[in-house]
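Have a look at this one.
When a ligand or atom number is given, it counts from 1 through the structure's own listing order. Here the structure is a predicted model, which is why all the values come from computation and not from measurement.
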Amino acid sequence: MKNLLIDAINFGLPYAYEGKPAAYIPELSKMNPKHLGVAVVSMKGEMWYSGDSEVRFTMQSTSKIAALMLAIMDRGEQYVFSKVGMEPTGDPFNSIIKLETMKSAKPLNPMINAGAIAVNSFIAGANIEDKLNRLISFIRKLCHNDKIWFNEAVYKSENTTGYRNRALANFMKDANIIDGEVEDVLQLYFRQCAIEVNAMDLAMMGAVLAGDGKSPVTGEILIPKNIARLVKTFMVTCGMYDASGEFAVRVGLPSKSGVGGGIVAAAPGKMGIGVFGPALDSKGNSAGGIKVLEYISSKLDLSIF
Ligand code: GLN
């Protein structure tokens with residue numbers, strides 16, 4: 001496995017050189033585009049890694065799957081999906097257009113920004129701090145890492161430039177989709193996106209999903225099986241935004257990307273994979289990371305299809 005991961009990084013590197021770190025959140029543009037790392041966690045909790053697997057980066061949209069699981073555990077599936085849909089969009093992750101052109105203003109799914117901002121507003125807690133602490137302690141369990149916290153500089157950077165997310169949230173408040181105050185929801189969302197992890201943390205989270213919600217290290221059930229299944233389904237249909245179709249053909253694993261350069265993937269019953277490469281392609285997915293996953297999936301015949 002170690003050799004396979006070294007080969008996967010070498011395969012992915014030339015593609016990483018073609019991408020660029022996200023610039024619309026200014027702090028993210030400082031990331032080193034040459035970084036590329038991968039980590040794997042098996043169902044028995046064995047771990048392997050290669051490349052820049054210890055470099056920390058912000059979860060960005062990879063956090064959306066954790067927030068969704070917590071919101072469903074807090075409020076129930078029925079409530080959450082009375083406000084957010086289950087269909088892929090074919091539009092970019094931050095697109096606003098369907099909110100107004102669809103008959104109901106319900107965001108199409110919980111993986112695009114609009115849906116994820118709505119989901120954030122359903123997380124239980126007395127105030128933002130309480131909700132954030134609950135979310136972070138859940139993510140710590142999923143990643144089996146007690147040190148996880150959020151990056152203040154990245155949070156501030158998005159908070160001062162997140163005009164489009166503010167527009168999405170205000171539109172949804174008007175349409176009665178989100179609970180609570182718009183600014184509170186955004187403050188939680190921006191902090192959630194800035195939660196810092198490394199490739200190993202994402203691999204661990206992928207392994208929990210691959211094991212239907214069970215921690216590969218402690219054996220504890222962290223997520224009910226039906227919720228793990230639901231989230232993996234969204235990862236397949238919407239996890240890579242408007243690149244989800246091609247990714248399903250080429251990699252064939254439930255996966256979720258983020259503009260911080262991370263991708264979390266789950267090979268059901270086999271392993272979790274975390275990749276990190278901040279140079280992004282035109283759809284906002286890690287350019288090298290996708291290739292690393294493609295290499296591993298084809299060599300180990302992991303596609304679920
Ligand atoms: N924080 C980012 C945003 O809302 C997350 C987007 C992403 O990772 N695709 O724009």
Ligand 1 contact on N165 by region, counting heavy-atom pairs under 4.0 Å: side chain

Protein heavy atom at shortest distance from atom 10 (O) of ligand 1: Y24 OH, 2.5 Å

Closest protein heavy atom (residue, atom, distance) for atom 7 (C) of ligand 1: S61 OG, 2.5 Å

Min N/O separation E158 to ligand 1 under 3.5 Å: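 Checking ligand 1 against E158, an N or O pair does fall under 3.5 Å apart.
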
Interfacing atoms of ligand 1 (cut-off 4.0 Å, heavy-atom, C193): 1 (N)

Pi-cation contact, Y15 with K291 (under 6.0 Å, within 45°):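 Yes, a cation-pi geometry holds between K291 and Y15.
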
Top protein contact for atom 1 (N) of ligand 1, by heavy-atom distance: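 Ranked first by proximity to atom 1 (N) of ligand 1 is Q60 OE1, 2.6 Å.
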
Over 12 foreign heavy atoms within 6.0 Å of NZ, K147: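 No, not enclosed.
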
Part of N113 within contact of ligand 1 (heavy atoms, under 4.0 Å):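 Answer for N113: side chain.
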
Any donor-acceptor pair under 3.5 Å from K225 side chain to K214 backbone: no

Salt-bridge criterion met for K232 and D212 (N-O under 4.0 Å): yes

Short N or O distance, V259 and ligand 1, threshold 3.5 Å exclusive: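 Checking ligand 1 against V259, an N or O pair does fall under 3.5 Å apart.
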
Distance-only side-chain donor-acceptor flag, Y155 / Q187, under 3.5 Å: yes

K64 and N113 side chains, donor-acceptor separation under 3.5 Å: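 Side chains of N113 and K64: pair found under 3.5 Å.
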
Which of the ligand 1 atoms, numbered from 1, are nearer than 4.0 Å to a heavy atom of F93: 6 (C), 9 (N), 10 (O)

Six-ring centre of Y79, R75 cation under 6.0 angstrom, axis tolerance 45°: yes

Atom indices of ligand 1, in the order listed, that fall short of 4.0 Å to a heavy atom of G258: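 Ligand 1 atoms under the 4.0 Å threshold to G258: 8 (O).
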
Those atoms of ligand 1 less than 4.0 Å from some heavy atom in Y241: 7 (C), 9 (N)

Sub-4.0 Å atoms of ligand 1 with respect to non-hydrogen atoms of Y189: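 Those atoms are 3 (C), 4 (O), 5 (C).
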
Exam field: side chain S157 to backbone E27, donor-acceptor pair closer than 3.5 Å: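 It does hold such a pair.
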
